[in-house]
Amino acid sequence: NITYSTLITCLKKCRKFDRAIEWFERMYKTGVMPDEVTYSAILDVYAKLGKKEEVLSLYERGRSNGWKPDPVAFSVLAKMFGEAGDYDGIQYVLKEMKNLEVKPNVVVYNTLLEAMGKTGKPGLARSLFEEMVESGLEPNEKTLTALIKIYGKARWSKDALELWGRMREKKWPMDFVLYNTLLSMCADLGLEAEAEELFDEMKRRRKSGRCPDNWSYTAMINIYGSGGKADRALEMFNEMLASGVGPN
RNA sequence: AGGACGUAAUGU
């Protein structure tokens, strides 16, 4: 089944979903039993096709055949429900993990947080995040990006700024995507001074992979533009060119 | 190891 799973994943990467399904069925007919990797790969295929019914029936079929879903399988389910904006589905994932005593890992938390953002539940996202930290898991860049985006959309500037403070205090990992997300959040909430501080930090800690790119500059131009500071916006544009970053 | 996760602005 490693051979089959490899092939299914390969077809999935090429977005040849129908062919991936054909090979899964072929494997089944040949009498080769799917394992946990095969299951999450094929569930992801159906999920990417938006076939919620098939995903759930395959999940139940696997369960009755003695398959114990692992965190990867739950992240596939969570992502699908998030994209469908299906809040009940998200609750189902949480319930199943509890019932089967599967401990969520960072990726599962990230996916669930994002899903809660997409279904417009910032409060639940916040408590899930606290639960994650209390369980002793360290958030990564993607966790923090998801939360900042959620707080920004909810216009929860207090929570967003507090979280930024915790990132620095606890030395949680930050990369350029997270910085850009923080900048966009500041742009949306009109936090000009905070944006400038973040932007300076990006330039100072030029630890490769954190220096401003054209998304960062665009965010700054946006901040100055919506604040009516056209001259500052133009300065940013020129600075961008001078630092070797091209406009898109 | 054969499986899962993250960012903006403009224009209609």
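Labels below follow one simple rule: chain letters A, B, ... track the order of the sequence lines, proteins then strands, and each chain is numbered from 1.
Dashed line: the shortest gap from a side-chain N or O of A/K12 to OP1 or OP2 of B/G2 is not under 4.0 Å. Between A/K79 and B/G6 there is a side-chain polar atom (N or O) within less than 4.0 angstrom of OP1 or OP2.
Residue side chain A/D35 reaches the base of B/G2 through a donor-acceptor N/O pair under 3.5 Å, judged by distance alone. A donor N or O paired with an acceptor N or O is found under 3.5 Å between the base of B/A4 and the side-chain atoms of A/S75. Donor-acceptor pairing under 3.5 Å, judged by distance alone, is present between the side chain of A/N105 and the base of B/A4. Not a single donor-acceptor contact under 3.5 angstrom links the side-chain atoms of A/T6 to the base of B/G2.
Atom CZ in A/F199 sits roughly 14 Å away from atom C1' in B/A8 (whole-Å rounding). One interatomic measurement links the two molecules: CG of A/L11 to C1' of B/G3, which rounds to 14 Å at whole-angstrom precision. Nucleotide B/G3 holds its C1' atom 8 Å from the CG atom of A/D70, rounded to whole Å. In this structure, CG of A/D188 is placed 11 Å from C1' of B/U7, rounded to the nearest angstrom. Straight-line distance from the CD1 atom of A/I2 to the P atom of B/G3: 11 Å, rounded to whole Å.
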All N/O contacts under 3.5 Å from nucleotides 10-12 of chain B to the protein, with atom names and distances to one decimal?
none

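Qualifying ring-ring contact (aromatic ring centres under 6.0 Å, His included) partners for A/Y92, counting only residues two or more places apart in sequence or in other chains: none.
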Here RNA chain B, pairs taken as Watson-Crick or G-U under 3.5 Å and shown with ( ), [ ] when crossing and | when to another strand, reads ............
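A salt bridge (Lys or Arg N to Asp or Glu O under 4.0 Å) with A/D86 is found for exactly one of A/K121, A/K118, A/K79, A/K52, namely A/K52.
At a non-hydrogen distance threshold of 4.0 Å, A/N110, A/T111, A/E114 from residues 109-116 of chain A come into contact with RNA chain B. Proximity of residues 143-176 of chain A to RNA chain B (heavy atom under 4.0 angstrom from any strand atom) is restricted to A/T145, A/K149, A/D175. Residues of residues 80-104 of chain A having a heavy atom closer than 4.0 Å to RNA chain B: none are found.
No continuous path of ILVMFWY side-chain contacts below 4.5 Å connects A/V37 to A/L100, so the two sit in separate hydrophobic clusters. The cluster map of Ile, Leu, Val, Met, Phe, Trp and Tyr, joined by side-chain heavy atoms under 4.5 Å apart, puts A/I90 and A/Y59 in the same cluster.
Seen from the ring of A/Y28, A/R61 counts as a face-on cation partner, given the 6.0 Å and 45° thresholds.
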